[in-house]
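Chain letters run A, B, ... following the sequence lines, proteins first, then strands; residues in each count from 1. Everything numeric here is computed off the predicted structure, so don't read it as measured data. Atoms considered below: every heavy atom in the structure, side chains included; atoms not considered: hydrogens, waters and symmetry mates.
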Number of protein chains: 2
Amino acid sequence: METHHTFPAALNIAAVERDTGLSKDTLRVWERRYGFPVPERDANGDRLYPASQVEKLRLIRRLIDQGKRPAKIIGASTEELLALIGDTPDSRAAAATDIPMLQYVRLHRGAELAAALRQALLRQGLQRFAAETVAPLNEAIGEAWMRGEIDVPEEHLYTEQVQNVLRGAIGTHVGSGTRPRVLLTTFPDEEHVLGLLMAEATLVAEGACCLSLGTRTPLPDLRTAAVDGNFDVVGLSFSAAYPARQAIDDLLQLRAMLPASIAIWAGGSAVQGKQKRLPGIRVIEGLEDTIAVLGEWRAAPRHDLNA
Amino acid sequence: METHHTFPAALNIAAVERDTGLSKDTLRVWERRYGFPVPERDANGDRLYPASQVEKLRLIRRLIDQGKRPAKIIGASTEELLALIGDTPDSRAAAATDIPMLQYVRLHRGAELAAALRQALLRQGLQRFAAETVAPLNEAIGEAWMRGEIDVPEEHLYTEQVQNVLRGAIGTHVGSGTRPRVLLTTFPDEEHVLGLLMAEATLVAEGACCLSLGTRTPLPDLRTAAVDGNFDVVGLSFSAAYPARQAIDDLLQLRAMLPASIAIWAGGSAVQGKQKRLPGIRVIEGLEDTIAVLGEWRAAPRHDLNA
DNA sequence: GTCACATTTTGTCCAGGACAATGATCATGA
DNA sequence: TCATGATCATTGTCCTGGACAAAATGTGAC
């Protein structure tokens, strides 16, 4: 049955950049410094990475995301790297958590996952669904990813199904005309959408009037949209993968670009606990905190109520 | 009121790559060959692009996407470029089409757009909504983008709202257990999701059992997911931006990777009319054609009905 | 008009050097 | 013992300038 050939013999450097997330520059400088990867060359002298090296690069990338240093692991064999993944300190504790929905993701049971999510939504209502089902599940997925238990397609499947359920629910809450008017998006380097959807779900459930621009909005465009759209608040979401340092810089830059009458709310792992370093910005410490922040805003005296 | 400074003085080359979609290599080689852009330099000799040059680069990028050649337009002033955009042959004809929903997008009326979409969905049902409302609207948005009438945030807003409505509707059609089982996704270089959602909507409305992995699934992962998940069909979606040549190569490569028992369906502008160059692959010529293709599959004799 | 062929244009890749930001290490003081 | 700061090593990104193949364009024969 396995007569059909599976992969092309080798990938060029651009394809490897796509597949591994390692930049072309990084791939070349690793080759120079560490002696890995050492790709073949085509007739023109261009690099051609065999699938085995790409596979190893993917493992290395994962370990680096976990905090390992390239020099320490780049010499290891594929087997040693596999052993290293899922051998983090908190691995055993986390592996114990046995959420059924996580099993559906592992086993590619998209339909069952969707059904379970929908059932949870019906039982809990939108707000508790986001806070008590999606948020913990998100975390569990992140940890399973770290442990190497799930891969790209599982994560995609998960994101798709959660999106279907959350977006369907968000759609049923119209809430136009209410206040505050919140513009939601992420910065150009942040492509994770689930945090944004969870925030939107929580906010619309509380009667805020949300408009989401999705992910990756360029800063100048964000400014224009916020000012022209007469928004009260701009909400930004950051995943754990976003460098905290850059999040702070970007937020302060946005703060300088927007008039003081527009509040900025920032949520997600990357900004958690950074309130003191973010003057003029309200850090949302967790989904539950969203409601408190919303209450704050509504309680605060405002200049433009008649605007 | 405009006392706050709007932009940082200049962007580094990585930020310009993000904002314009032009690779670092391209930016450097243009500077060498055409004398534009000519960025400032920081203390370390690194390029710093002023906002004005980035703006011009964005215009150039748009014109290139419309088919212009860099050498022909790179010398023009920002004003001349602006005049060039929206001066394409079919511009006048297209500008005449005056869909109300397109107005909502132009004016950032997210709530109104969502309401109009939802109303259309209720009136038409999922299938006709996809074919008769979303598809033409998509095309109109694409043309408005070409003409420079809408920009990144408008396009984001549109995509978000359509996603909310389509995903909500898709979610209500469970259809697990029915055949065929269709695995939907896009290739790693295709990030447009609306085509995929429209296909999914049409298929679930016809009782197919769809599972979407979202966009950008690596080929090896796609193969594993299709085989392990016991799917009958793998469906791929291509936007107009996808190079037709690459679409054909990628599809044939996927065909070689998958067992013959799994059908491949491909849809979208990039593959339209390419059926004869894609043996073993069923090209879907339009949303309406989807239903015909589904009927074909169901009518065809199969070896594995008892699988 | 349409096909084949020559020529120009254009994006991507290469090598190898440099540097700043980040992380690790270690000494110092509370 | 633990925090704080200085020093050193690591690492990703940017640089220059050269090369080449794929795509687009132009040219001529039919």
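Counting non-hydrogen atoms under 4.0 angstrom, B:Asn44 reaches the backbone sugars and phosphates but no base. Within 4.0 Å of B:Arg28, counting heavy atoms only, lies at least one base atom of the nucleic acid. Heavy atoms of A:Arg47 sit under 4.0 angstrom from primed sugar atoms or phosphate atoms, though from no base atom. Using a 4.0 Å heavy-atom cutoff across all strands shown, B:Asp46 reaches sugar-phosphate atoms only and no base atom.
Residues A:Arg69 and A:Arg41 both approach DNA chain C. Their nearest nucleotides, taken by heavy-atom distance, put A:Arg41 toward the 5′ side. Residue A:Arg32 is the one, among B:Ala43 and A:Arg32, whose nearest nucleotide of DNA chain C lies closer to the 5' end (criterion: closest heavy atom).
Side-chain atoms of B:Arg33 come within donor-acceptor range of the base of C:dG11, with a qualifying N/O pair under 3.5 Å.
With D:dC14, C:dT10, C:dG11 as the choices, the nucleotide that has an atom nearest any side-chain atom of B:Ala71 turns out to be C:dT10. Closest approach to the B:Asp25 side chain among C:dC14, D:dT11, D:dT25 is made by C:dC14 (side chain taken as heavy atoms from C-beta onward).
In B:Arg245, the CZ atom is not crowded: 12 or fewer heavy atoms of neighbouring residues, nucleotides or ligands sit closer than 6.0 Å. The local environment of CD in B:Glu31 is crowded, with over 12 non-hydrogen atoms from other residues, nucleotides or ligands closer than 6.0 Å.
When the C1' atom of C:dA20 is taken as reference, atom CG of B:Asp42 falls 10 Å away, rounded to whole Å. Note: CG (A:Leu27) to P (D:dC14) measures 15 Å, nearest angstrom. For the pair B:Arg245 CZ and C:dG11 P, the computed distance is 18 Å after rounding to whole Å. The NZ-C1' distance, from A:Lys24 to C:dC14, rounds to 12 Å in whole Å.
No option in A:Arg61, A:Glu55, A:Lys56, A:Arg62 other than A:Glu55 meets the side chain to side chain contact (heavy atoms under 4.5 Å, CB included) test with A:Arg58.
Side-chain contact annotation: B:Tyr49 with B:Asn12, donor-acceptor N/O pair under 3.5 Å absent.
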